[in-house]
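Single-structure report; data block below.
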There are 2 protein chains.
Amino acid sequence: MSDPRHPRASGRATLSDVARHARVSAITVSRALNTPDKVSSELRERIEIAVRELGYVPDRSARALASRQSFTVAVLVPSLSNAVFVDTLRGISERLDPFGYQLLIGDTGYSAEVEERRLRAYLEHRPDGVLLTGQAQTEGARALLAHAGVPVVRMMDLSADGLCVGFSQIKAGYALTRHLLERGHRRIAYVAAQLDERVRLRGEGYRCAVREVGGDDPRLEVAVPDPSSVHLGGELLGRLLQQAPDCDAVFCCNDDLAWGAIFECQRRGIDVPGRLAIAGFNDLEMSACINPALTTIATPRHQIGVAAADLLLAAIAGEPPADGQRDLGFSLVVRQST
Amino acid sequence: MSDPRHPRASGRATLSDVARHARVSAITVSRALNTPDKVSSELRERIEIAVRELGYVPDRSARALASRQSFTVAVLVPSLSNAVFVDTLRGISERLDPFGYQLLIGDTGYSAEVEERRLRAYLEHRPDGVLLTGQAQTEGARALLAHAGVPVVRMMDLSADGLCVGFSQIKAGYALTRHLLERGHRRIAYVAAQLDERVRLRGEGYRCAVREVGGDDPRLEVAVPDPSSVHLGGELLGRLLQQAPDCDAVFCCNDDLAWGAIFECQRRGIDVPGRLAIAGFNDLEMSACINPALTTIATPRHQIGVAAADLLLAAIAGEPPADGQRDLGFSLVVRQST
DNA sequence: CTGTTAGCGCCTTCAG
DNA sequence: CTGAAGGCGCTAACAG
């Protein structure tokens, strides 16, 4: 009833369908596809034709199962709405795509629980490597990774152990605050939302710097756990101005908040930077376009993705990590808002 | 040499490792995990303990191979840098996560070739469904989908055949232009970048509307294929003002460009909307925050994700699509920029 | 260069 | 409710 030259009605063409069609053995088809130079050009051609005629698409599950390599890398970022992580993803993808690795991209919504859940889900794919943003947050997540035994590279911050690529969030926060101090500001505020590890560390850097000049004052800090947004930036500026009307500079934990703060100043007729200097963090594309252009910390997020991918590739290949902790630095971009 | 109660050194714990550990058969472990109510509570408990002790994580490849269901859905969007698609992804994820589906998320960079390549790669995972943005661009992509025989839902625009969820880009472009006409503008420009299907359709709508009042003029259109960005918005405004100094309103094909145009007007001292009205498309978060607040078309992108997921779920379940073409509409949001 | 054999880890029968 | 046998599609290891 069934024609052996054609794929079974029950599903798609398989390797043996192709093999039968090309009158070779299955393994030869496998080789023609994966290591073409190990197959004579004659058979290769016949096989290529069969593949095309049957519309054969290999099955990764079967391949992964048999070869014990999934050619898959799991990547977890806090949010896809944040351009910072999307730039990082692009760097990863640029580096991993050419090697045939496929990315399992997931966002955690800045939640440790979601992170663990997604991690578990992705580990079921037996990824060849895992890329994480920051530390694995929960005990469970760390246990999962330990059991899995896959190479892991952590991105964005620096840490004491394991492989990681990033820069010192503390130093960056410190550097930006120093810049404001050098501009002569003494009542410098820190406005933050989405209080993740990195935002906290930037706050640390800020506090370090203001303390050095005795300029620390709890009223100068506005921090809320809400998701960051431009709108929130305006709102938090209002709150800040209420609790510390004499502040003369604002360090926003990210650019989005800073934009919102600038817009709010425009509406209130507050001169930036004359009456109030405003600085952000990350140097997203728009920060150079807004009026006044935003002073901010440029972060090497794309490069972090590239380097993390390279590090992971090396780890997958079993190469000893020459420098497991890669500090890619940051740079202060001074524009008109300060 | 090897203790049968422990996973082999060569790899991670398998179902039979767990089975041995709990002194039951492998299939019972499988059932305890997938259909717990088909296993006595006693065995279930023993199995749960074994799972925990061994740190067992199921292997999706093996499961997919044996069950012929991958519980995976492939999603292709043009870009992750565009908040529009990220909002759509969120809608999809919200709907599909609870069912245990895992998303294979990929971006095409607005390229038809990349789309086909990614599609092929994702089909190797034997996804239970595919979510596409717009039409499958290439002949090859369409052939792949036809061969694969998986349910496909297309998002964002409307189309004649197959399952799709979106709204009429033409009508939206028309509606926005009508609004500008009703405001009394007669020299309305269309500024566009990233010329994908949707941007072109919006342009169609624009042209329809201006033609009705005899206001069409090629000098009023500035369109470049470059990736859209805020910076580009400013640049294109400059170009427009040069080739049509008398234009009195600008319809930007997306909000990013409109922001850039507004910033450029601020720098040039052009009054918005007094001298020049500016409108965008999509209603991203920032559009309500900028000064002047941006008039734009609010698009139901999150809802599109939700509805697309629902449609796909139904199609996977083999349910006949009651309404295969779902028009979710759009709405005009009039703010201060017009 | 090509083929055979066996098995990856799990689930679908079909039995009890 | 539990288990035994077989196979999903592919590739490793060995043969020739």
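These values consider heavy atoms only, across backbone and side chains, with no hydrogens, waters or symmetry-generated copies. A, B, ... follow the sequence lines: proteins, then strands. Residue 1 opens every chain. In this text the structure is predicted, and so the values were computed from the model without any measurement.
- Rounded to a whole Å, the CG atom of A/Leu65 is 9 Å from the C1' atom of D/dC8.
- Between A/Leu33 and A/Val51 there is a side-chain heavy-atom pair separated by less than 4.5 Å.
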Passes side-chain hydrogen bond (donor to acceptor under 3.5 Å, both in side chains), B/Glu197 versus B/Gln137? Steps please.
CA-CA 10 Å; B/Glu197 316 166 48; B/Gln137 308 274 338; 2.8 Å; yes
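- One finds a side-chain N or O of B/Thr28 lying less than 4.0 angstrom from the OP1 or OP2 phosphate oxygen of D/dG3.
- A/Leu33 places its CG atom 13 Å from the C1' atom of D/dG9, with the value rounded to the nearest Å.
- In this structure, the side chains of A/Pro78 and A/Asp107 stay at 4.5 Å or more apart for every pair of heavy atoms.
- In this structure the side chain of A/Ile47 reaches within 4.5 angstrom of the side chain of A/Val24, judged on heavy atoms.
- Here B/Glu94 pairs with B/Arg90 in a salt bridge; the nearest charged N to carboxylate O distance falls below 4.0 Å.
- Following rounding to the nearest Å, B/Glu42 (CD) and D/dT2 (P) show an atom-to-atom distance of 8 Å.
- A/Glu124 places its CD atom 20 Å from the P atom of C/dC8, with the value rounded to the nearest Å.
- Between B/Gln69 atom CD and C/dT12 atom P the separation is 9 Å, expressed in whole Å.
- Going from atom CZ of B/Arg44 over to atom P of D/dC1 covers 9 Å, rounded to whole Å.
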Between the protein and nucleotides 10-12 of chain D, list every N/O to N/O distance that falls short of 3.5 Å.
residue: D/dC10; atom: OP1; partner: A/Tyr56; partner atom: OH; Å: 2.2
residue: D/dC10; atom: OP1; partner: A/Asp59; partner atom: N; Å: 3.3
residue: D/dC10; atom: OP2; partner: A/Leu15; partner atom: N; Å: 2.2
residue: D/dT11; atom: OP1; partner: A/Asn34; partner atom: ND2; Å: 3.0
residue: D/dT11; atom: OP2; partner: A/Ser30; partner atom: OG; Å: 2.5

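- Here B/Arg68 reaches the OP1 or OP2 of D/dG9: one of its side-chain N or O atoms lies under 4.0 Å away.
- For the pair B/Asn82/B/Tyr110, a side-chain contact is recorded, criterion being any heavy-atom separation below 4.5 Å from C-beta on.
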